[in-house]
Colleague: 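Submitted below is the structure of interest, expressed as structure tokens.
Within every chain, numbering begins at 1; the chains are lettered A, B, ... in the order of the sequence lines, protein sequences first and strands thereafter. Please read these numbers as outputs of a predicted model, since none were measured by experiment.
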There are 2 protein chains.
Amino acid sequence: MNTVTHQGIREAIRARIVAGEWALGELIPGEVELAAEYDCSRTTVNRALQALSNEGIVERKRKGGTRVRPLPTAQAKLRIPIIREQIEGSGRDYDHRIISRKRIAPHVRIRQQLGIPGLETAAYVETLHLADNLAFAFERRWVNLATVPEFEAADLKELSANEWLVRKVPFSRGEVILTASAADSQLAEMLSTNVGEPLFTMTRATWFEQRPVTAMELFHAPGHEMSFAV
Amino acid sequence: MNTVTHQGIREAIRARIVAGEWALGELIPGEVELAAEYDCSRTTVNRALQALSNEGIVERKRKGGTRVRPLPTAQAKLRIPIIREQIEGSGRDYDHRIISRKRIAPHVRIRQQLGIPGLETAAYVETLHLADNLAFAFERRWVNLATVPEFEAADLKELSANEWLVRKVPFSRGEVILTASAADSQLAEMLSTNVGEPLFTMTRATWFEQRPVTAMELFHAPGHEMSFAV
DNA sequence: GAGTGGTCTAGACCACGGT
DNA sequence: CCGTGGTCTAGACCACTCA
């Protein structure tokens, strides 16, 4: 294999930036120059610089050249796994219980987020997710039956609503909101804690090609953390 | 310009996957075949498929071919902006107040996260961040003076500790933890709320080349949300 | 062993955007 | 205008991994 790889060049240039060879906002050499320096083709340098641009380390402009970003923004790829995988991935046993299942219209906030103007038929499911038989998170979910009518007949004992939907509508796009909320009486009971306790909360709305699919509120047990590297 | 671009092919293949042309986990045609189909070079198809692989839409293995991911994981690029930019970006005025500035050792939890074994000299700063003169977030920060001795003399009136450090150590790597915590008496006073109120909290530890730089806890005012698209 | 993805190269043309 | 990045191509070799 060639000893000069785009990854190698990318890391070499990153190291030079980190070392402070160029100041914040300063222009770095052009692709042809770097290609000569590393004795490789311009294509390879181009790939390396595009990767750094994606990471937000440098900014590139035609004719303007490539410069170190003036104020780098910390960023990370955040993965939102299926709850079962998240729990099993940490070596615990996953289980879930359907607490309630009805047909009621979503409340205003949910309708707004989903972009549903009036009252559409929606299935409502409450699920308690367990890790090693301890409460892990409580989920309130609305499913738009106009988009996914089959959901009404779905067996949620084996597959949670979450997983059922992922298999049914795998590539839906969504919006996620993270916040902290206080436990109401139902949440306190479900998560074995006290009313008012701070809960790390994730709200998600998903669409499949403009059509609302589902919205959910996921309340994690007290002390839950979400961590990632930047 | 050529009408066949790697982006175009990427979106075309994505559309075929979303449309369900291949089942979850199923093998899709090889690069040569797709190149013939789209009448372009294999290099171009390769780029398109690598992008989809990065997104987690497909999985690729040498000899094994490319297949649709069995259970796609929702993922998003999460950007953690400088607080001032975050506030100004939403059209509000940013300001900050230094509430306290001392030299005290970080508490155990912070030392563990930073990987500092004993008690190292650290500067401690409390900052209240304001948006349109309303409390936005309260920050408790430790700065390792062994790594950044200049911090002790830094003027934090113009530049917040956050921003000062970003300029001084621009490309540090870090670990971020998101959680919900209850307001203690100081937080309640600072954020004009009640003790016990749920606060969306971000903890960050950053290093520059193995050396601990800083750790901070950022408590957002009640109701704060962090949203992003998936 | 053989098929598939991973990558490099050299050359080419184009698009954007300062001068 | 013209320099810089963005992209495509055709061919080549390599590395991994399944059969």
Side-chain angles (χ1 to χ4, degrees), chain A residues 1-17 21-70 72-73 77, chain B residues 1-17 21-70 72-73 77:
Chain A
M1 180 175 124
N2 199 320
T3 53
V4 188
T5 68
H6 64 96
Q7 297 180 32
I9 292 176
R10 186 188 67 215
E11 294 312 317
I13 295 175
R14 189 209 305 282
R16 292 169 73 177
I17 291 173
E21 179 167 338
W22 303 289
L24 293 183
E26 195 181 342
L27 211 57
I28 78 173
E31 294 187 352
V32 276
E33 193 173 334
L34 287 169
E37 191 177 334
Y38 288 105
D39 192 29
C40 66
S41 73
R42 183 170 81 89
T43 315
T44 304
V45 171
N46 180 276
R47 254 189 106 163
L49 290 177
Q50 284 200 9
L52 291 175
S53 172
N54 259 333
E55 284 184 55
I57 303 288
V58 300
E59 282 175 340
R60 323 192 70 201
K61 254 192 295 199
R62 278 161 163 142
K63 168 72 181 175
T66 303
R67 49 185 74 237
V68 179
R69 257 191 103 118
T73 308
K77 209 153 76 172
Chain B
M1 180 175 129
N2 197 324
T3 53
V4 189
T5 68
H6 63 97
Q7 297 180 34
I9 291 175
R10 185 187 66 214
E11 294 313 316
I13 295 175
R14 189 209 305 282
R16 291 168 74 178
I17 290 173
E21 179 166 339
W22 304 287
L24 293 184
E26 197 182 341
L27 210 56
I28 78 172
E31 295 187 350
V32 276
E33 194 173 332
L34 288 168
E37 191 177 331
Y38 288 106
D39 192 29
C40 66
S41 74
R42 183 170 81 89
T43 315
T44 304
V45 171
N46 180 277
R47 252 188 108 165
L49 289 178
Q50 283 198 13
L52 291 175
S53 172
N54 259 335
E55 284 184 55
I57 304 287
V58 299
E59 280 175 341
R60 323 193 70 200
K61 253 192 298 200
R62 279 160 162 142
K63 167 72 179 175
T66 302
R67 48 185 73 239
V68 180
R69 255 191 108 120
T73 307
K77 206 152 76 171

Colleague: Using a heavy-atom cut-off of under 4.0 Å over every strand shown, decide if A:Gly65 touches base, sugar-phosphate, or nothing.
Modeller: sugar-phosphate

Colleague: Between B:Ile28 and B:Leu49, is the side chain to side chain contact (heavy atoms under 4.5 Å, CB included) condition met? List the steps.
Modeller: CA-CA 11 Å; B:Ile28 78 172; B:Leu49 289 178; 4.0 Å; yes

Colleague: Quiz question: going by heavy-atom distance under 3.5 Å, is there a donor-acceptor pair between the base of C:dT4 and the side chain of B:Arg42?
Modeller: no

Colleague: Nearest whole angstrom, please: distance from the C1' of C:dT9 to the CD1 of A:Ile9.
Modeller: 12 Å

Colleague: A:Leu52 has an atom CG; how far is it from atom P of D:dG6, in whole Å?
Modeller: 12 Å

Colleague: For A:Gln50 and D:dG5, is the shortest distance between a side-chain N/O and OP1 or OP2 below 4.0 Å?
Modeller: no

Colleague: Report yes if a side-chain nitrogen or oxygen of A:Thr44 is closer than 4.0 Å to either non-bridging phosphate oxygen (OP1 or OP2) of C:dT9; otherwise report no.
Modeller: yes

Colleague: What's the closest nucleotide to the side chain of A:Lys63 if the choices are C:dG17, D:dT17, C:dA10?
Modeller: C:dG17

Colleague: Can you find a side chain N or O atom of A:Asn46 that sits less than 4.0 Å from OP1 or OP2 on D:dG5?
Modeller: no

Colleague: Closest nucleotide of DNA chain C for A:His6 versus for A:Gly64: which of these residues is on the 5' side?
Modeller: A:His6

Colleague: Could you state the OH-C1' distance from B:Tyr38 to D:dA10, rounded to the nearest angstrom?
Modeller: 21 Å

Colleague: Taking A:Arg69 first and then A:Glu55, would you say they form a salt bridge - that is, a charged N and a carboxylate O separated by under 4.0 Å?
Modeller: no

Colleague: When you measure from the side-chain N and O atoms of A:Arg60 to the phosphate of D:dG6, is any distance below 4.0 Å, counting only OP1 and OP2?
Modeller: yes

Colleague: How far apart are the closest heavy atoms of B:Ala48 and B:His6, and which atoms are they?
Modeller: CB-O, 3.5 Å

Colleague: Would you say a side-chain N or O of B:Gln7 is under 4.0 Å from OP1 or OP2 of D:dG6?
Modeller: no

Colleague: Do B:Glu37 and B:Leu34 have side chains that get closer than 4.5 Å, going by heavy atoms?
Modeller: yes

Colleague: Step by step, work out the side chain to side chain contact (heavy atoms under 4.5 Å, CB included) result for B:Asn46 and B:Gln50.
Modeller: CA-CA 6 Å; B:Asn46 180 277; B:Gln50 283 198 13; 3.0 Å; yes

Colleague: Measure from CD on B:Glu59 to C1' on D:dC16 and round the result to the nearest Å.
Modeller: 16 Å

Colleague: Please check the phosphate of D:dT4 (OP1 and OP2 only) for any side-chain N or O of A:Thr66 closer than 4.0 Å.
Modeller: no

Colleague: What is the separation between atom CG on A:Leu27 and atom C1' on D:dG5, rounded to the nearest whole Å?
Modeller: 12 Å

Colleague: May I have the distance from A:Glu31 (atom CD) to D:dT4 (atom C1'), rounded to whole angstrom?
Modeller: 8 Å

